[in-house]
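The structure appears below as structure tokens.
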Amino acid sequence: MPLLSGLGHLFSKETENRLWDFFNNRIEPEEMTKTPRQINFTFALGIIRENETLQNEIPKLKNSFYWLNELVKL
């Protein structure tokens, strides 16, 4: 349980066991690392689209997101 080691004092034993089960048996490591990147990309894209002066940053953001995902695959 290395992911949660040292955090046991923050969670009840039941919560710790449920988190351990989730991270080790229910979610694939690739999905666990991909989801935060997708959320950050979505938030950034939404903010940029709302701000007219940042519109030229959208292609850079998309390109960065693509290459970050490619790098993670290595």
Side-chain angles (χ1 to χ4, degrees):
M1 193 179 322
L3 180 62
L4 299 175
S5 64
L7 297 177
H9 65 283
L10 297 175
F11 304 112
S12 69
K13 191 66 175 168
E14 179 185 352
T15 302
E16 188 177 332
N17 288 337
R18 293 174 89 186
L19 286 169
W20 186 87
D21 180 60
F22 176 77
F23 286 120
N24 290 292
N25 299 319
R26 299 189 186 246
I27 188 169
E28 295 295 321
E30 294 82 18
E31 281 300 310
M32 191 166 51
T33 59
K34 188 178 186 180
T35 301
R37 288 193 314 274
Q38 288 176 324
I39 292 169
N40 288 335
F41 174 75
T42 303
F43 284 152
L45 192 56
I47 291 168
I48 288 173
R49 285 192 172 145
E50 288 178 3
N51 189 329
E52 216 174 281
T53 60
L54 296 175
Q55 291 295 312
N56 61 340
E57 298 297 321
I58 291 175
K60 292 179 192 174
L61 177 65
K62 289 180 178 180
N63 190 40
S64 297
F65 183 70
Y66 171 80
W67 286 112
L68 180 61
N69 284 327
E70 290 299 307
L71 180 63
V72 171
K73 291 178 186 177
L74 297 178

Measuring from atom CD of Gln55 to atom CD of Glu50, what distance do you get when rounded to the nearest 0.5 angstrom?
10.5 Å
For Arg37, all residues meeting side chain to side chain contact (heavy atoms under 4.5 Å, CB included), sequence neighbours excluded:
Thr33, Lys34, Phe65, Leu68, Asn69, Val72
From Thr15 OG1 over to Leu19 CG, what is the distance, rounded to the nearest 0.5 angstrom?
6.5 Å
Rounded distance (nearest 0.5 Å) linking atom CG of Asn40 with atom CG of Leu45:
12.5 Å
Are more than 12 heavy atoms, taken from residues, nucleotides or ligands other than Glu52, located less than 6.0 Å from that residue's CD atom?
no
List in chain and number order the residues that pass side chain to side chain contact (heavy atoms under 4.5 Å, CB included) with Asn51, two or more places apart in sequence or in another chain; answer none if no residue qualifies.
Thr53, Leu54
Taking Asn63 for its side chain and Pro59 for its backbone only, find out whether a donor-acceptor pair lies under 3.5 Å.
no
May I ask whether Leu61 and Tyr66 are part of the same hydrophobic cluster, defined by side-chain heavy atoms of I, L, V, M, F, W, Y residues being less than 4.5 angstrom apart, directly or through others?
no
Give, for atom CD of Glu57 and atom CD1 of Ile47, the distance between the pair rounded to the nearest 0.5 Å.
13.0 Å
